[in-house]
Amino acid sequence: MSRDASSLPPLVLSCRPRWRLSGLVAAVVLLGLGVLGLAAMQGADTDVPPWAALILLPAGAGCAWLVARYGFARLVLDERGVALVGPLGGAFVAWSEVEEWTRWSGLGGPPTLHVVHGAGRRRLSVPLIYEESHILEVGLHQRGFPRF
């Protein structure tokens, strides 16, 4: 008995636990040290210099944003396209709207896919921190739902 490909359920990829956990730990540590820097500004006796709060608090907030944007999000692939759905909103890219995509590997972080799509050449960046995220690359290469 064969099934029609359009009747298949979407493929849902969730974030790998180690990426989510490392981002959460980094956010908590950086924000905690930043608060200690703020306390030092008020005269409290801490080992964190007061000027460090100016660096640690934005870095901690950035880590918290990345975890909320990507760590708690899920990547959904279906016949229409790919969607990044999470607590900070989502983004959808239809397979037919993909104009180009590149894989970028930065220093120390996960590889990231940069997808240019739509008439306005909008951009979507997807870090490859999701389980089986290579499937997204296969789908982008094939310009459709991944077929093996």
Side-chain angles (χ1 to χ4, degrees), residues 1-39 41 48-49 51-148:
M1 177 198 258
S2 67
R3 292 182 65 166
D4 182 18
S6 63
S7 67
L8 293 175
L11 183 60
V12 179
L13 309 175
S14 60
C15 181
R16 291 184 176 112
R18 73 178 177 115
W19 283 106
R20 186 181 308 132
L21 182 62
S22 63
L24 284 171
V25 168
V28 168
V29 168
L30 290 171
L31 289 172
L33 289 172
V35 168
L36 287 177
L38 286 177
M41 285 182 187
V48 179
W51 57 265
L54 299 173
I55 298 168
L56 295 170
L57 287 172
C63 285
W65 181 84
L66 285 171
V67 169
R69 173 75 172 129
Y70 297 110
F72 291 116
R74 61 190 187 278
L75 203 56
V76 181
L77 286 75
D78 61 15
E79 287 296 321
R80 298 178 306 125
V82 59
L84 185 66
V85 182
L88 295 182
F92 175 77
V93 177
W95 297 118
S96 60
E97 290 183 355
V98 174
E99 293 186 21
E100 63 185 66
W101 62 278
T102 57
R103 180 184 173 127
W104 184 78
S105 295
L107 297 174
T112 304
L113 293 180
H114 297 283
V115 181
V116 178
H117 63 96
R121 295 190 55 86
R122 295 183 310 263
R123 290 175 169 74
L124 174 66
S125 295
V126 180
L128 298 179
I129 59 174
Y130 300 95
E131 300 285 347
E132 307 296 333
S133 58
H134 67 280
I135 294 174
L136 174 59
E137 289 181 275
V138 172
L140 288 170
H141 181 69
Q142 296 175 351
R143 304 279 190 208
F145 189 79
R147 306 234 189 291
F148 297 97

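Quantities reported herein were computed from a predicted structural model and do not represent experimental measurements. The figures here come from the full heavy-atom set of this structure, side chains too, leaving out hydrogens, waters and symmetry mates.
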All side chain to side chain contact (heavy atoms under 4.5 Å, CB included) counterparts of [X], not counting sequence neighbours:
X	value
Leu113	Trp101, Arg103, Leu128, Leu136, Glu137, Leu140
Trp104	His114
Val28	none

Determine the minimum heavy-atom distance between [X] and [Y], stating which atoms define it.
X	Y	answer
Val48	Leu33	CG1-O, 3.7 Å
Ile135	Pro146	CG2-CG, 3.3 Å
Pro87	Phe72	CD-O, 3.7 Å
Glu79	Phe145	OE2-CB, 3.5 Å

Evaluation steps, side chain to side chain contact (heavy atoms under 4.5 Å, CB included), between Val12 and Tyr130: CA-CA 10 Å; Val12 179; Tyr130 300 95; over 6 Å; no
Side-chain donor-acceptor contacts of residues 56-70 below 3.5 Å, not counting sequence neighbours, with atom names and distances?
unit_1: Tyr70; atom_1: OH; unit_2: Ser125; atom_2: O; d: 3.3

[atom1]-[atom2] distance between [X] and [Y], expressed to the nearest 0.5 angstrom:
X	Y	atom1	atom2	result
Glu131	Leu11	CD	CG	11.5 Å
Leu54	Leu38	CG	CG	8.0 Å
Thr102	Arg123	OG1	CZ	9.5 Å
Ile129	Leu13	CD1	CG	11.5 Å

Does atom NE2 (His141) have a neighbourhood of more than 12 heavy atoms from anything else shown, all under 6.0 Å? no
Pairs flagged by salt bridge (Lys or Arg N to Asp or Glu O under 4.0 Å) wherever residues 12-23 is involved - sequence neighbours left out: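 Non-adjacent pairs meeting salt bridge (Lys or Arg N to Asp or Glu O under 4.0 Å): zero.
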Tell me every residue that passes salt bridge (Lys or Arg N to Asp or Glu O under 4.0 Å) with Glu99, counting only those two or more places apart in sequence or in another chain.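 Testing Glu99 for salt bridge (Lys or Arg N to Asp or Glu O under 4.0 Å), a comparison that skips the adjacent residues, returns Arg121.
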Partner residues of Arg80 under the salt bridge (Lys or Arg N to Asp or Glu O under 4.0 Å) criterion, sequence neighbours left out: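 Result, salt bridge (Lys or Arg N to Asp or Glu O under 4.0 Å) vs Arg80: Asp78.
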Test of understanding: with side-chain hydrogen bond (donor to acceptor under 3.5 Å, both in side chains), list the residues that count as partners of Ser14, not counting sequence neighbours. none
